[in-house]
Amino acid sequence: MQTKSKWRNFGGELSVHTHDSTACKCPMTFAVYTPPQAKDGPVPVLWYLSGLTCTWANVMEKSGIQRYAAEHGLMIIAPDTSPRGEGVADDAAYDMGQGAGFYLDATQAPWAEHFNMESYILEELTEIVAANFPADMNRQGIIGHSMGGHGALTLHLKHPDRFQTVSAFAPISAPMQVAWGEQVYTAYLGEDRETWRNYDATDLVTRQPSQAHVLIDQGKADDFLDSELRPWLFEDAAQKAGQKATVRLHDGYDHSYYFVSSFMADHLKHHADGLV
């Protein structure tokens with residue numbers, strides 16, 4: 001691991017790091033916000049998964065997350081959204097290829113060689129964080145936006161003992177039922193829809209609800225709301241499955257970080273209440 005940049009921030013430190021990934025077979029970059037409370041010992045960890053086309057920079061530069069992380073004593077881990085670079089498969093569309101890893105392990109060529117974001121986060125990056133930062137790995141939560149909201153919900157539902165708290169902004173809630181999921185899952189996972197089910201939060205919560213309280217915020221002026229996000233599908237499935245979930249719809253808010261930053265304080269408190 002190499003540290004590329006670091007800045008003093010709200011009494012803690014924001015740092016950016018690169019390393020050669022074995023899971024993704026390319027260099028990967030991630031950011032860490034270490035809160036001031038870490039000087040006294042390990043602190044809880046909150047994973048932030050970003051959306052399509054994003055990197056670590058979107059959340060750290062636009063959301064205000066560090067302010068609330070410092071207040072509550074939460075370490076923020078912000079991985080990249082996909083493998084990148086020369087030799088890594090790509091697509092001309094913004095919602096496929098580099099920048100669009102969908103937090104899954106691809107099984108189809110040409111994606112399978114590099115697009116292993118699920119294993120990267122759960123195994124490789126976890127080991128790096130545990131070895132290099134004052135992180136309490138017994139207290140972890142997960143949060144995400146859009147594609148990252150999909151990742152946060154699915155990773156939590158598959159690993160509820162590890163990610164004890166969960167929330168999402170404008171998540172792709174039922175990818176098997178929308179164009180984004182149909183396109184990407186066919187390319188990354190193949191034609192067998194049965195293999196898609198472990199990457200669909202609405203399907204997962206029906207089969208394996210968790211004991212956590214899921215918090216979802218969604219802007220009603222979001223251009224993707226009806227076509228790609230459809231949080232009501234997850235809400236209905238969660239209610240039927242006995243999953244505690246709060247889905248809040250907000251007039252006038254879109255899909256941007258203006259929306260995300262408006263409700264970040266609520267989300268960090270939600271995680272702090274469950275982890276600190």
Q) Does Leu155 reach the side chain of Leu122, with side-chain heavy atoms less than 4.5 Å apart? A) yes

Q: Evaluate the side-chain proximity of Leu49 to Ile121: yes if any heavy-atom separation is below 4.5 Å, no if none is.
A: yes

Q.
Evaluate Asp222 against Gln218 for side chain to side chain donor-acceptor pair (under 3.5 Å), listing each step before the verdict.
A. CA-CA 8 Å; Asp222 190 323; Gln218 173 66 59; 3.1 Å; yes

Got a second to check how far [X]'s [atom1] is from [Y]'s [atom2], nearest 0.5 Å?
X: Gln98; Y: Asp91; atom1: CD; atom2: CG; answer: 10.5 Å
X: Leu268; Y: Glu71; atom1: CG; atom2: CD; answer: 8.5 Å
X: Arg230; Y: Leu225; atom1: CZ; atom2: CG; answer: 9.5 Å

Can you confirm whether or not the ring centre of [X] sits under 6.0 Å from the ring centre of [Y]?
X: Trp180; Y: Phe224; value: yes
X: Tyr33; Y: Phe10; value: no
X: His267; Y: Tyr68; value: no
X: His72; Y: His271; value: no
X: His114; Y: Tyr120; value: no
X: Tyr188; Y: Phe115; value: yes

Quick one: closest heavy-atom pair of [X] and [Y], and the distance?
X: Met28; Y: Ser21; result: CG-CB, 3.5 Å
X: Ala152; Y: Gly144; result: CB-N, 3.7 Å
X: Pro79; Y: Trp47; result: CD-CE3, 4.4 Å

(Q) According to salt bridge (Lys or Arg N to Asp or Glu O under 4.0 Å), does anything in residues 158-178 pair up with another residue at least two apart or in another chain? List the pairs. (A) Glu118-Lys158

Q | Whichever hydrophobic residues join Leu215 through chains of side-chain contacts under 4.5 Å | A | none

Q.
Let's go through Glu235 and Arg248 carefully: what are the C-alpha distance in whole Å and the side-chain angles of both, what is the deciding distance for salt bridge (Lys or Arg N to Asp or Glu O under 4.0 Å) to 0.1 Å, and is it a yes or a no?
A. CA-CA 10 Å; Glu235 186 177 25; Arg248 308 189 303 187; over 6 Å; no

Modelled atom types, side-chain donor and acceptor of [X] and [Y], under 3.5 Å:
X: Thr154; Y: His156; value: no
X: Ser173; Y: His150; value: no
X: His255; Y: Ser146; value: yes
X: Gln243; Y: Ser210; value: yes
X: Asp217; Y: His250; value: yes

Q: Kindly indicate, with the supporting measurements, whether the criterion salt bridge (Lys or Arg N to Asp or Glu O under 4.0 Å) is fulfilled by Asp136 and Arg139.
A: CA-CA 6 Å; Asp136 182 350; Arg139 293 184 291 167; 2.7 Å; yes

Q: Indicate, with yes or no, if Phe30 and Met75 share a hydrophobic cluster defined by side-chain heavy-atom contacts under 4.5 Å among Ile, Leu, Val, Met, Phe, Trp and Tyr.
A: yes

Is [Y] paired with [X] through a side-chain N to carboxylate O contact shorter than 4.0 Å?
X: Arg193; Y: Glu182; value: yes
X: Arg84; Y: Asp90; value: no
X: Asp273; Y: Lys269; value: yes

Q) Does OH belonging to Tyr94 count more than 12 external heavy atoms closer than 6.0 Å? A) yes

**Q.** CA sep, side-chain torsions, deciding dist, call: Ser167, His270, side chain to side chain donor-acceptor pair (under 3.5 Å)
**A.** CA-CA 8 Å; Ser167 71; His270 170 79; 5.3 Å; no

Q. So, the side chain of Thr206 versus the backbone of Ala237: is there a donor-acceptor pair under 3.5 Å, distance only?
A. no

Q. Can Tyr48 and His145 be said to form a ring-ring contact (aromatic ring centres under 6.0 Å, His included), step by step?
A. CA-CA 8 Å; Tyr48 185 93; His145 171 230; 7.7 Å; no

